There are 2 protein chains.
Amino acid sequence: MKKKTTIYDIAKKLNITAATVSRALNGNSKISEATRKLVEETAKEMNYEQNRLAQALKSGKSYNVGVIVPRIDSNFFASVIRGIEEELYPKGYHVIICQTHDQKSLETENINSLLNAQVDGVLMSISQAQNANDDNFDALIKKNVPLIFFDRKKDIKGISSVTIDDFKGAYEATKHLIDQGYKRIAHLSNDRSILIFKNRYLGYKQAILDSGLEFDESLVIETQSKVLEGRKIMKQLLELEHRPDAIFSSSDFTALGAIQEIKEHGLNIPEDISVVGFSNEPFTRFMELSITSVDQSPIEMGRLTAQVFLEEVNSDKRVTSEKQVVLTPELIVRKSSLRTPVKH
Amino acid sequence: MKKKTTIYDIAKKLNITAATVSRALNGNSKISEATRKLVEETAKEMNYEQNRLAQALKSGKSYNVGVIVPRIDSNFFASVIRGIEEELYPKGYHVIICQTHDQKSLETENINSLLNAQVDGVLMSISQAQNANDDNFDALIKKNVPLIFFDRKKDIKGISSVTIDDFKGAYEATKHLIDQGYKRIAHLSNDRSILIFKNRYLGYKQAILDSGLEFDESLVIETQSKVLEGRKIMKQLLELEHRPDAIFSSSDFTALGAIQEIKEHGLNIPEDISVVGFSNEPFTRFMELSITSVDQSPIEMGRLTAQVFLEEVNSDKRVTSEKQVVLTPELIVRKSSLRTPVKH
DNA sequence: ATGAAATTTACAATCGATTACATTATAACT
DNA sequence: AGTTATAATGTAATCGATTGTAAATTTCAT
């Protein structure tokens, strides 16, 4: 590598001190207009670029933030990340993305690895908890590294978060099914120690109770957000003596699996069984049988998460006033749940 | 933040020098077993963690590498990244992921931004070129920062790359269509200044020529890898006087768009028109009408790319022997192109 | 013209880890 | 015992940028 020009090189060339160069470049008010201009020009001339590592060492800030998500090949997380980048890049931050693949061990590894890389903060969506302890976050909290949850959060005192109103999203999705005349609505849930899934479950339950339908706990099945899991569960449901006539899934992926299984059994959607997903993944729109889903405005979520981080990192006070931002979800009705209007 | 313990703290506690601590921790052979153990123990005791920034400054290595891709919400790129991470994490590297969204300007921005962050190398899949100049890479090359292309490459002297044999993949896909009896095969191409698209085009062309079919340049359409673009183009093709009876698309996304449009026109797949995509995105398998596609073994590609990087970065010699790794693609035949065997 | 105030720039320490070189302690050998 | 080889540790410079404090220079008023 060609050796980079440093402020010392500039200083030598101009017969001044590195200190002056540094101040000139940083807009320190104690520097005369004349030298500032001179310095800036020669800096450009010599292709000077600030050595971030040196600056990081001095300031204690790396201008790197870690983003931890279960996976990046879902449109939802990819979009959140995009939102985060849009907000953080202009401020000079870089984003290090880590995937947990929903494994607690990888989550731990990622956190340590990010701490080791001296990140200025961690924005994360937690993975499914194999067990209940939160040692993972302890390391972050102990070191006082700003931690912000988005979407999949845990309630931890003092930790900010940006989420959507999952209860409301689930409630409206379920209500939509009820309004369409479906009576026996199953719910494909997920690990309910993660709040979003708990809230989706609660929203579903409340909608059923509010409508006077019978709530049947046996129609709530906990599974993972994977197509094949959806198929497996749906198969079981279809074999029930009194099978459901609608599915509200907490994930688009399981919803997709369910749809495949239903078709394979020769049933029609939405005539025989209706399906609603969650997240508004692009494929829900692109399917021939487009899937009704709940949009979570992921880019907006990413932007907000980044903003909360910036606020925290820029507040010199240790006020750590925890902030809970909650977005409103939007139900997108598509073919998979829309019964053709009854013909007279 | 709690102040971290440094090697000086350890040194003070043991009444030795920071230098000794450093050497002990780094396994320098000039340190006695006794003090080494002592140092290691107290380090653990005091929760010592190496300050990467300081080390980076001293060594000139940041242990960060940049990965630039058009987007991360495609399974292909997400998987390549996963492969890269699997290879690089154990070696202590971190991966900074940047998206270009196929915009040249963002590509430029990302490269500069990564250089500014002092990355030790850049692994990238180039975005569509709005124009022909390669100034983007010049900055990297000039600074002698290891650059490695994967998948979407440009031929630049001295730059290594990891790709698949796109020609072969396209050839076999097209041959498969010909073998199925299709005679008028259109090709949805993409910016052919990017080699993968050029090679897919050439493979398609060669397969047609080899089979004795007539090659019709007007059946080759250049478009972008988006569902809606696929629809648009397909609409035009269907309006042709002598419309194609098969489509070989260089992208799964345009293939999907094409399929939607074909169905909307009341035609049957694969009876009336057959469709083959490229990349083996998960949705190609999950569709009710599963889509024939070409698998690119993305995780393997990622791992190999990372390996090539490690080789380059660890070779103190400036040998810069460029390395071209080429993987073999695999055609996955599915419903969208498989004619039911003729019944007698 | 002279002292005080204001402005500008230089000096030197610092962030934490690494490392060439110097120094001390220990062992070995004649 | 004396000399040398060897092992173990210390000293101090270095990476590049920042910043409190000191010093130099200029400006201004009298």
Side-chain angles (χ1 to χ4, degrees), chain A residues 1-40 42-43 46-64 92 115-120 143 316, chain B residues 1-40 42-43 46-64 92 115-120 143 316:
Chain A
M1 293 207 203
K2 215 180 283 176
K3 53 201 166 300
K4 307 230 177 87
T5 62
T6 72
I7 52 173
Y8 292 92
D9 301 326
I10 300 177
K12 201 182 295 172
K13 182 158 193 177
L14 295 179
N15 263 326
I16 54 177
T17 318
T20 308
V21 176
S22 171
R23 281 191 261 256
L25 256 26
N26 287 307
N28 187 306
S29 62
K30 301 273 156 118
I31 295 289
S32 68
E33 253 326 294
T35 52
R36 160 167 307 125
K37 263 191 188 148
L38 192 61
V39 168
E40 275 169 359
T42 25
M46 301 176 72
N47 281 315
Y48 170 75
E49 269 175 41
Q50 198 190 41
N51 184 327
R52 284 229 166 214
L53 297 176
Q55 196 205 3
L57 174 61
K58 191 70 179 65
S59 68
K61 293 183 70 175
S62 67
Y63 280 95
N64 278 151
L115 281 173
N116 198 238
Q118 245 85 30
V119 292
D120 294 342
K143 298 212 176 185
D316 18 44
Chain B
M1 295 208 203
K2 215 180 283 177
K3 52 199 167 303
K4 307 228 178 87
T5 64
T6 73
I7 51 172
Y8 293 91
D9 301 326
I10 300 177
K12 201 182 295 171
K13 183 157 192 177
L14 296 178
N15 261 324
I16 54 177
T17 320
T20 308
V21 176
S22 171
R23 281 190 267 252
L25 257 25
N26 287 307
N28 186 305
S29 62
K30 303 270 157 120
I31 293 290
S32 70
E33 254 324 295
T35 51
R36 160 167 307 125
K37 263 193 187 148
L38 193 60
V39 168
E40 277 170 358
T42 22
M46 300 175 75
N47 282 316
Y48 169 75
E49 270 174 43
Q50 198 190 40
N51 184 327
R52 285 227 165 217
L53 298 176
Q55 198 205 1
L57 174 60
K58 192 70 183 53
S59 68
K61 292 183 68 175
S62 67
Y63 280 95
N64 279 151
L115 281 173
N116 197 239
Q118 245 86 30
V119 292
D120 295 342
K143 298 212 175 185
D316 17 44

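Quantities reported herein were computed from a predicted structural model and do not represent experimental measurements. Chain naming here is simple, since letters A, B, ... match the order of the sequence lines and numbering starts at 1 in each.
- Rounding to whole angstrom units, CG of residue B/N116 and P of D/dG16 are separated by 15 Å.
- Look at CD1 on B/I16: it is 12 Å from P on D/dT11, rounded to the nearest Å.
- With A/T17 contributing its side chain and A/A19 its backbone, the two residues share no donor-acceptor pair below 3.5 Å.
- Rounded to an integer number of Å, the gap from CG of B/L57 to C1' of D/dT14 is 9 Å.
- In this structure, the CD1 atom of B/I7 is 14 Å from the C1' atom of D/dT11, given to the nearest Å.
- At the phosphate of C/dC15, neither OP1 nor OP2 sits under 4.0 Å from any side-chain N or O atom of B/N51.
- Between A/K61 atom NZ and D/dT19 atom C1' there is a gap of 17 Å when expressed in whole angstrom units.
- Mapped onto DNA chain C by nearest heavy atom, B/Y8 and A/S32 fall at different nucleotides, with A/S32 at the one closer to the 5' end.
- Of the possible polar contacts, one joining the B/S59 side chain to the B/Q55 backbone as a donor-acceptor pair under 3.5 Å is found.
- When the C1' atom of C/dA17 is taken as reference, atom CG of A/L53 falls 13 Å away, rounded to whole Å.
- For A/I31 and C/dA10, the CD1 to C1' distance is 10 Å, given to the nearest whole Å.
- Summarising the geometry of A/Q50 relative to B/Q118, their closest heavy-atom pair is O-OE1, 4.3 Å, with the distance given to 0.1 Å.
- Counting only distance, with no hydrogens or angles, the side chain of B/S22 and the backbone of B/A18 share no donor-acceptor pair below 3.5 Å.
- Counting only heavy atoms from C-beta on, B/T6 has its side chain closest to C/dG16 among C/dC11, D/dG16, C/dG16.
- The bend of the helix from C/dA1-D/dT30 to C/dT30-D/dA1, defined by the angle between the axes of its first five and last five pairs, stands at 60° to the nearest 10°.
- The shortest distance between the side-chain N/O atoms of B/Y48 and the OP1/OP2 oxygens of C/dA17 is below 4.0 Å.
- Counting distance only, with no hydrogens placed and no angle test, the side-chain atoms of A/R52 and the base atoms of D/dG16 include no donor-acceptor pair under 3.5 Å.
- DNA chain D is contacted by both A/E49 and B/T35; B/T35 maps to the nucleotide lying nearer its 5′ end (nearest heavy atom per residue).
- Side chain of B/N26 to main chain of B/R23: no donor-acceptor pair is present (N/O by atom type, distance under 3.5 Å, no hydrogens or angles).
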For B/K37 and B/E40, what are the C-alpha separation, side-chain angles and deciding distance, and is it a salt bridge (charged side-chain N to carboxylate O under 4.0 Å, His left out)?
CA-CA 5 Å; B/K37 263 193 187 148; B/E40 277 170 358; over 6 Å; no
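- Contact between the side-chain N/O atoms of A/S22 and the OP1/OP2 oxygens of D/dT18 is found at a separation under 4.0 Å.
- The residue B/S59 sits apart from the nucleic acid: no heavy atom pair falls under 4.0 Å.
- Side chain of B/K58, nearest nucleotide from D/dA17, D/dT9, C/dG16: C/dG16.
- Side chain of B/N64 to main chain of B/V119: no donor-acceptor pair is present (N/O by atom type, distance under 3.5 Å, no hydrogens or angles).
- Regarding contacts with the backbone of D/dG16, every side-chain N or O of A/Q50 stays at 4.0 angstrom or more from both OP1 and OP2.
- Close to D/dA8, at under 4.0 Å from its OP1 or OP2, lies no side-chain N or O of B/T20.
- The nearest whole Å value for the distance from the CG atom in B/N15 to the C1' atom in D/dT9 is 13 Å.
- In this model, the phosphate group of C/dT18 is approached by a side-chain N or O of B/N26 to a distance below 4.0 Å at OP1 or OP2.
- In this structure a side-chain-to-backbone donor-acceptor pair under 3.5 Å is missing from B/D120 to B/K61.
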